[in-house]
> 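Structure in structure tokens, see below.
Order of appearance sets the numbers: ligands from 1, and atoms from 1 within every ligand.
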Amino acid sequence: MTTEPLKIGVLGYRFMGKAHANALARLPMFFPDAPDVERHTLVGRDEAALAAAADRFGFAHTETDWGAAIDEVDVFYNLGPNHVHAEPSIAALEAGVPVFCEKPLAPTLEEASAMHEAAADADVPAGCAFNYRFVPAIRYARNLIADGELGEIRQIRGRYLQDWLVDPDAPWAWRLDSELAGSGTLGDLGAHTIDLANFLVGDEVGGVDRVSGHLRTFVDERPVLDDDGDVEEYRDVTVDDAYTAQVAYDSGAMGSFEASRFAAGHKNDHTIEVHGSKGSLTFSLERLNELEVLREDSRGYETVLVTDESDPYIDHWWPPGHVIGWEHTFVHENYEFLSAVAEGDEFSPSFAEGYEVQRVLDAIERADERGEWVDVE
Ligand code: SOE
């Protein structure tokens, strides 16, 4: 019996719209056991730009009203800016439509809590697109830690460094506005790092007990450019350009995290280090096919090239050593999410896990405001 393809509605057609549309297009060839999907409706406000994107990304229909789109599709992807994550996602879940929402879950803890509750009340998958959980080397690292190869986890260190704002004349964007984004590097980049820490060592270190935080804005206004690239006006930057934070986990393990958009020379440098009583590991997104592992009694780190067919997801792609890239993480997470929808299974990371990240982000902001350690609420 052939089943009808899942009709996918997608809100947002810029960077994340392209990443997920590419992933959906590649599923049939590389993940033939994935559910059949139809790129059904692309949702946006600018009708001309929306039509061009729908054509490029292979969507059959366009819609400027996300409510109308939700009525037409089987699955709703919310890939819009952070401030539009809550309302459409909650509406879709209340209509019984599964939701896949980009990270961070929301700009504020209050909105993230409402999304978490809506997902808890719905009996359909609600996923938060923390794509770095779907890097084969990260899955390999999780397996090493779960197997006890690193022993008792003592410290986890994460930093996410970019440099697209080093130029003070780099234009204003929605990510720089607290009303639209919530926070800056903390929510945009720190969310990934906090989630990866939860994925890699959460079972071993328990929850987050308390945090410290330090947020800084280096350039407090930026030009808004018109269609000709000329400066229209200057707009305030109301979020952090960089953050640092310390985390005390229930087990006594220590976390130290930071991110920056001013780290000149670092383009998308997300690095995670884990130290245990029997060994260590280091992952760097700019070398995402590799994992540096220090095992007990060894003299130094070993570089593991995580591209064997027995390694997570690799058998869907190419022979050993034929490395994969950033975009493949979106194919993996789309495969897992849509399989969960088709089979009525749970998907991880869920809205509940996205909410746990938001609790830590909120605590780090409060710690910064107070200049002291605070408990996670
Ligand atoms: C910011 O520049 C950004 O696009 C994040 O929003 C993404 O989540 C990250 O994967 C890459 O950098």
> Would you mind reporting whether Glu152 and Lys278 have side-chain heavy atoms less than 4.5 Å apart?
no
> Both conditions, 6.0 Å and 45 degrees, for the charged tip of Arg139 above the ring of Tyr313: are they met here?
no
> Would the Phe134 and His328 ring centres measure less than 6.0 Å apart?
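Centroid distance Phe134-His328: not below 6.0 Å, so no.
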> Do the two ring centres, one from His316 and one from Phe31, sit under 6.0 Å apart?
yes
> List by chain and number: which residues place a heavy atom under 4.0 Å from ligand 1?
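Near ligand 1, by chain and number: Phe15, Lys103, Tyr132, Tyr160, Gln162, Trp164, Arg175, Asp188, His192, Asn268.
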> Under a 3.5 Å distance rule, please check whether Trp172 uses its side chain to pair with a backbone N or O of Asp236 as donor and acceptor.
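Yes: the side chain of Trp172 pairs with the backbone of Asp236.
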> Do Leu50 and Tyr13 have side chains that approach each other closer than 4.5 Å (heavy atoms only, starting at C-beta)?
yes
